4 protein chains.
Amino acid sequence: MPPQEINGFEARRQRRIARKHARIMKSAAQVFAAKGYRTTTTREIARAADMAEGTLYNYFAGKREIFLSIVEEVLAALLELLEDVGQLETRADVVAFVEMLFDVLSTKPASIRTLVMEAWVDDLILQDLLMERIVSIMAQVEGFIAASIVEGKFRPMDSRLATRMLFGMFAGLVLPVLRGMEAPPAPPERHAMAEAAVNLLMEGIQLRDE
Amino acid sequence: MPPQEINGFEARRQRRIARKHARIMKSAAQVFAAKGYRTTTTREIARAADMAEGTLYNYFAGKREIFLSIVEEVLAALLELLEDVGQLETRADVVAFVEMLFDVLSTKPASIRTLVMEAWVDDLILQDLLMERIVSIMAQVEGFIAASIVEGKFRPMDSRLATRMLFGMFAGLVLPVLRGMEAPPAPPERHAMAEAAVNLLMEGIQLRDE
Amino acid sequence: MPPQEINGFEARRQRRIARKHARIMKSAAQVFAAKGYRTTTTREIARAADMAEGTLYNYFAGKREIFLSIVEEVLAALLELLEDVGQLETRADVVAFVEMLFDVLSTKPASIRTLVMEAWVDDLILQDLLMERIVSIMAQVEGFIAASIVEGKFRPMDSRLATRMLFGMFAGLVLPVLRGMEAPPAPPERHAMAEAAVNLLMEGIQLRDE
Amino acid sequence: MPPQEINGFEARRQRRIARKHARIMKSAAQVFAAKGYRTTTTREIARAADMAEGTLYNYFAGKREIFLSIVEEVLAALLELLEDVGQLETRADVVAFVEMLFDVLSTKPASIRTLVMEAWVDDLILQDLLMERIVSIMAQVEGFIAASIVEGKFRPMDSRLATRMLFGMFAGLVLPVLRGMEAPPAPPERHAMAEAAVNLLMEGIQLRDE
DNA sequence: CATGAATGAGTCTTCATTCAT
DNA sequence: GATGAATGAAGACTCATTCAT
């Protein structure tokens, strides 16, 4: 059997495995999001993925590993996006960025809901997976704000506090979608929301005489 | 036996019961906050409250009832405060109000963390205990913002979005405390945070020429 | 303090104790009869006897001892009656005897129902408390039948089988009362039943030409 | 895969399940009969059926369902037999019928002992499972006796009482077997017992001059 | 003596994981 | 690789018994 043949088989096998992985993770994320990690049984995951319970264990070491894979995947997507937060310059940049965030959140709401849920409960998840990266991103944002203040573009303020409030503000916007109380906004609506959010953040709530 | 005697016995008994209730709820809230409702075992609650497992059942009908009592208690405290949200008028009012919220959150962080956690997972908790009341409070705030826009005090904006962002902003501030990542701020710090938060909300992040 | 005084106190104490014993046994028999021994809780017994759970243990060593006392008491009453089974001679004697049995069964249906129930399940109860005495009584009856056959008063038959059927026949009559499906028959009715029972037993069901 | 193959798999699966059901029910009936429903633990049932405790729950929803299945099964067997009670005409019919009853009782003594036990304690079992059907059968027998009296075949008597005594008589015969005090009679013995029973019932105990 | 709160062993049941087919 | 039956550890809850008041 020529090597390329072997590779062909091997590649096909890899693809089959990847497909199963994806199927399991997607199904599991749905159930996790709906019921919580602990309350979800492997039986439910298997049923949702339309396979036998035992089959799960051919692709993942266990329930926890399925969960971790989901979380890692969505984190990777989020972090890839957030990496570029340092590059933002114009207001349009920021609006576009917020829109993209909406986009990610709308694409994988189940995974993100699951991630948030466990990070809220499980110290290991929070520490090992999230904290380091979030801290780094928040530091970038905070640095950006601090610099803008020095440059005279932003008002003097506690940049740390401002960063937190900024993240919270954004979270407040997307929370009903994540929690499953509202459908994700359609793209045009998404743009309007991003505009409004950035606007409110920049200008404040109060009308000022000019 | 004179009636005051009877009342004396009965009253003492009531107090003893109330003390146990409080002890159990406090211990349980700690464990729930640290591990989540489902992951917490009655054995752990009993150990935390320094009593036998069976004793819990002399005071609560079951694990779920302990949890619900904790949640109801903290909700009552929160809602009592939030009820007055309609009365706020001056900027100082708002700052004071935010400070008081900080205060409540700092007093019972375990209970609130537990409440948030379960509301995030359990639809019944969210619907039956939270939504109705939160919706009403948000409606008040939204109405206030809308009115202020009409009066020309606030800039024209989507009042619904603004309300959400406002709640999110505040949540962003207190989240590290709730999550147990930071100690609650001391009262003077608390005032500074409240000032900064209200300031950022009102004036926006951006410096504007006057 | 003169001895008769002491005796007076002592006697009164004994009577008080006896009264409590009776109260507990009566109440317990009711609950046992209604729910079965295992299903009945000491809490229910205490409630039925209108006292605290702990008080039971001042009068009985435990739940099992309460039950055994009930059983012993009713057994004593039954056996006292059955002792005389050897003396029966005329048909009127037998009818009177059956009536008296009805009487005992009607007086303490709860206790008897309890006894039967446990004897049906618990080998120790059956062996230690019942078998010896029942066997002895059945032996008497069987002997009586055998003798009557020899004397030419009864038809030739398997006297062992006949004895069993006789006891079973009687059991069939009282079972609905014991099981609590029917009220105990009033005395006149009782007499009629006894007459009919003895009649059927003696003469058989079938009409015979004379 | 050809359809007969599918059916083959499915049929084999069904048979495997049926075998396990039978194994569990048989083992459980033994333990129930020996100790009573309430006193029997699922651990004991599992041990008796030589499987893990959890496995029980792959085949029955719970302990109660195991019990109910046992009861329903034996009831079905009994009732199928008793249905024909109305067809009996000659004395030989009756004797044959009694023999068949012996047969059923000897086949599943544990199940019947369990059934009787719980019907004695549990009102729901008695009412929902037994009474309706037993009442109907007793009514048939009673009607038969009453008719025979009218026809002049039986002596005048209280047919209701006679029915009860008849059932009791039969119960008295089989009770030692059911209670596990005696081995079931071998078939020839069985015939003799049936003969004797019917004879005694028909002719009575007393010798009468002809 | 009476009380009833405290105890913890023992119950039924669930479910992640293994493994024979 | 896929299956799903078997496993048994772990969990919520009950209740007979003890004991301080």
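Values in this document were obtained by computation on a predicted structure and should not be read as measured data. Naming: A, B, ... by sequence-line order, numbering from 1 per chain.
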(message) I'd like the 5' and 3' limits of the part of DNA chain F contacted by chain D, with heavy-atom contacts below 4.0 Å.
(response) F:dA5 to F:dC15

(request) Hey, could you give me each pair passing salt bridge (Lys or Arg N to Asp or Glu O under 4.0 Å) that has a residue in residues 40-67 of chain A? Not counting sequence neighbours. (result) A:K35-A:E44, A:R64-A:D122

(request) Please work out which residues in residues 18-27 of chain A have a non-hydrogen atom less than 4.0 Å from an atom of DNA chain F and list them by number. (result) A:K20

(request) Please step through side-chain contact (heavy atoms from CB on, under 4.5 Å) for the pair C:Y59 and C:I66, ending with a clear verdict. (result) CA-CA 9 Å; C:Y59 297 95; C:I66 298 177; over 6 Å; no

(message) Applying a 4.0 Å non-hydrogen cut-off, can you work out what A:I17 is touching in the nucleic acid: base, sugar-phosphate, or nothing?
(response) sugar-phosphate

(request) Kindly say whether A:W120 contributes a backbone atom to a donor-acceptor pair with the side chain of B:R113 at under 3.5 angstrom? (result) yes

Quick test: give all pairs of protein nitrogen or oxygen and nucleotides 11-14 of chain E nitrogen or oxygen below 3.5 Å, distance rounded to 0.1 Å.
{"from": "E:dC12", "atom 1": "OP1", "to": "D:T40", "atom 2": "O", "distance (Å)": "3.2"}
{"from": "E:dC12", "atom 1": "OP1", "to": "D:K63", "atom 2": "NZ", "distance (Å)": "2.8"}
{"from": "E:dC12", "atom 1": "OP2", "to": "D:T42", "atom 2": "N", "distance (Å)": "2.8"}
{"from": "E:dC12", "atom 1": "OP2", "to": "D:T42", "atom 2": "OG1", "distance (Å)": "3.2"}
{"from": "E:dT13", "atom 1": "OP2", "to": "D:Y57", "atom 2": "OH", "distance (Å)": "2.7"}
{"from": "E:dT13", "atom 1": "OP2", "to": "D:K63", "atom 2": "N", "distance (Å)": "3.0"}
{"from": "E:dT13", "atom 1": "O5'", "to": "D:Y57", "atom 2": "OH", "distance (Å)": "3.4"}

Pairs under 3.5 angstrom only: tabulate donor-acceptor contacts from the side chains of residues 123-130 of chain B to other protein residues two or more places apart or in another chain.
{"from": "B:D123", "atom 1": "OD1", "to": "A:R179", "atom 2": "NH1", "distance (Å)": "3.0"}
{"from": "B:D123", "atom 1": "OD1", "to": "A:R179", "atom 2": "NH2", "distance (Å)": "2.9"}

(request) Calculate the interatomic distance between B:E44 atom CD and E:dG8 atom P; express it in whole Å. (result) 17 Å

(message) Both atom distances under 3.5 Å, Watson-Crick or G-U wobble: I'd like the secondary structure of DNA chain E as a dot-bracket string, with | for pairs made across strands.
(response) .||||||||||||||||||||

(message) Using side-chain heavy atoms (C-beta onward) and a distance below 4.5 Å, is D:M51 in contact with D:I24?
(response) yes

(request) Could you tell me whether B:F60 contacts a base, only the sugar-phosphate backbone, or nothing, with contacts defined as non-hydrogen atoms closer than 4.0 Å? (result) nothing

